[in-house]
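Let me begin by handing over the structure; questions about it come next.
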Amino acid sequence: MATTAVTTSSRMVTFTVSTARDILARPFSYESAKTLLFFYVVFTNFVKAKRHLRARGVSETVQELYRRILAFGIRLILRLPSKKKFVEQQMGEGKLKVEDKLVPKGPDVVRHLRLPETGQSPEWIIEEMQKMDSEIPGAPKYRQGKLSGAVYHGGEDMEKVIVDAYQRYCVSNPLHPEAFPAVRKMEAEIVAMCLRLYNNPSGAGAMTSGGTESIIMAVKTYRDWARATKGIIEPEMIVPITAHAAFDKGGAYMKVKVHSIPVDPVTRKVDLKRVRRAINPNTILLVGSAINFPDGNQDDITALGELAAKHKIGMHVDCCLGSFIMPFLEPAELSGGENGRYKLEPFDFRVRGVTSISCDTHKYGFAPKGTSVIMYRDADLRRHQYYVNPSWTGGVYASPGLAGSRPGALIAGTWAAMQYMGTSGYLKSCRDIVKCTRSIANAIRTSIPELYVLGSPPASVVAFASKHPLVNIAEVGDAMSRRGWHLNQLQNPPALHIACTRLTVPLDETFVEDLKDAVKEARLAPQGTGTMTQIYGLGTSTVVGPSMVGELAEAFLNSLYKA
Ligand SMILES: *Cc1c(COP(=O)(O)O)cnc(C)c1O
């Protein structure tokens with residue numbers, strides 16, 4: 001296939017070149033300009049299609065096309081009045097279910113839909129918040145630790161440290177550094193501490209509102225860098241399917257084409273052969289995770305870095321989740337482990353070719369939500385993240401990231417959390433959390449034969465799927481929910497994961513016991529009845545699934561704004 005494509009393409013080139021020569025030999029006319037334009041369009045589209053085909057592979061492209069046509073056909077059928085009514089009824093039920101989980105109902109629920117005539121007292125405000133906290137029965141109690149990720153520290157001592165810092169810098173705004181010198185200094189120091197942690201003290205970085213913004217800013221940086229230094233106007237990036245959705249979001253926002261590359265089903269590392277094949281002259285960026293969100297595994301950062309260096313393109317390592325765990329694995333002497341299964345692999349700026357890293361202070365850094373750090377190999381690259389408008393009517397405008405005004409209180413809270421933890425604090429939390437995760441993974445491997453662990457996750461996340469025909473993993477998820485656990489559901493393959501936090505540390509044995517019971521229960525359950533199962537089934541097994549799940553997801557977003 002590849003050879004045919006190459007010969008066809010060279011024939012095409014010869015053809016285009018000779019046609020162009022003929023046209024140029026003639027006196028220039030409107031007609032010849034039109035012909036020239038025609039061939040230009042045909043040729044560029046041909047090159048685009050060829051690159052797309054190379055990156056996706058033939059069978060995947062054919063499947064993609066088949067799915068699209070089939071989905072289109074089914075959507076047409078569903079427009080038939082009789083079918084339409086049925087689908088609308090089903091969707092309506094689904095949407096109500098989504099809403100019921102989020103929006104409190106009942107005669108006792110007071111809705112605050114307009115401003116009170118006069119201001120309320122501080123006591124009233126706290127009382128009202130207490131009421132709202134308990135308006136949804138059965139909501140997860142995060143302090144009990146049965147929640148995957150979400151709250152990473154949860155200690156009251158840490159809360160006090162953060163609240164005190166908040167209070168002091170409550171009204172500060174880093175957009176005005178002259179007025180708040182301490183906030184400027186703290187932000188610079190947070191970035192400096194992270195750069196040192198990731199072994200690049202002479203690098204450059206910035207704080208953002210979270211991992212998603214760090215990643216979107218990185219995509220923007222490489223887009224503008226590639227345009228400025230290489231003249232690339234149709235940029236593309238290559239991203240493992242296990243990388244965070246923020247990369248797709250960044251691609252959509254910044255108009256960078258995303259090639260999603262499958263991972264090896266056993267190691268869960270991105271398929272390097274496929275990455276290599278997807279690289280073309282428009283590629284601006286390769287992505288690897290250390291660790292990824294779905295199954296907690298780490299891509300081969302060294303090999304990806306080599307590839308990036310060879311092609312002189314960017315290489316971003318997503319350590320949003322790895323944050324303050326990955327850099328402490330080595331000093332915590334958590335290499336080797338049981339049977340040497342967890343070989344520590346390099347992931348930071350010491351790896352040749354790595355040009356940027358995102359690290360979420362608001363995950364295992366235990367800083368307040370709404371903070372993350374994006375780091376670059378040097379300040380030359382960071383320049384392309386900035387937005388500068390020298391001619392704005394409101395004055396010369398310059399800001400490092402998406403936001404204009406920003407909360408200085410979050411920066412102060414982050415600085416305080418990092419000072420409070422210190423190296424020894426993070427080392428201990430790394431040891432405790434990783435030990436908990438590995439003990440769960442080992443227990444699944446050795447004592448729950450119906451399940452298997454995805455890859456060999458080195459840090460704080462473990463994902464598991466079913467290898468038993470009678471055990472539906474979504475049913476296991478439902479059974480775990482009944483035991484108070486809130487785990488994340490994954491797809492392709494269907495699996496569950498738990499991101500261990502400081503709150504889960506004392507619960508590893510409880511988790512394993514509950515999981516054993518949940519598996520037994522799932523074996524006995526009639527197939528496909530659980531709520532998780534139904535949503536899953538929609539997403540993965542039918543052609544229209546994704547668009548219907550998309551509609552439900554939109555209903556979920558709408559519910560968020562239902563007062
Ligand atoms: C959480 C996470 C992100 C995105 O972070 P947000 O802070 O939720 O925006 C990115 N990558 C990975 C691997 C993550 O786990």
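These numbers come from the heavy atoms of this one structure, side chains and all, not from hydrogens, waters or symmetry mates. The first residue of the sequence shown is numbered 1, and numbering continues consecutively from there. Both counts, for ligands and for their atoms, begin at 1 and track the order of listing.
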Answer yes or no: is there a side-chain heavy-atom contact under 4.5 Å between K95 and L552? yes
Quick look: I291 vs ligand 1, heavy-atom contacts under 4.0 Å, and the answer is backbone
Should G211 be counted as touching ligand 1, given the test is an N or O pair under 3.5 Å? yes
So do the side chains of Y166 and P368 get within less than 4.5 Å of each other, counting heavy atoms only? yes
Is there a heavy atom of E213 sitting under 4.0 angstrom from any atom of ligand 1? no
among protein heavy atoms, the one nearest atom 7 (O) of ligand 1 is H362 NE2, 2.7 Å
Residues R56 and E64 bridged, charged N to O under 4.0 Å: yes
Per side-chain contact (heavy atoms from CB on, under 4.5 Å), F324 is matched among K363, M421, M418 by M418
Using a 4.5 Å cut-off on heavy atoms from C-beta on, say whether the side chain of V239 contacts that of I261. no
I need the atoms of ligand 1 closer than 4.0 Å to a non-hydrogen atom of I215, numbered in the order shown. 10 (C)
Below the 3.5 angstrom mark, is there an N/O of H244, backbone or side chain, next to an N/O of ligand 1? no
Select one of side chain, backbone, both or neither to describe which atoms of D318 lie under 4.0 Å from any atom of ligand 1, heavy atoms only. side chain
Among V258, N282, I279, exactly one meets side-chain contact (heavy atoms from CB on, under 4.5 Å) together with E236. Which residue is that? N282
For atom 9 (O) of ligand 1, find the nearest protein heavy atom and state the residue, atom name and distance (0.1 Å precision). T212 OG1, 2.5 Å
Test of proximity, K363 against ligand 1: N or O pairs below 3.5 Å: yes
Verify whether the ring centers belonging to H316 and Y222 lie closer than 6.0 Å. no
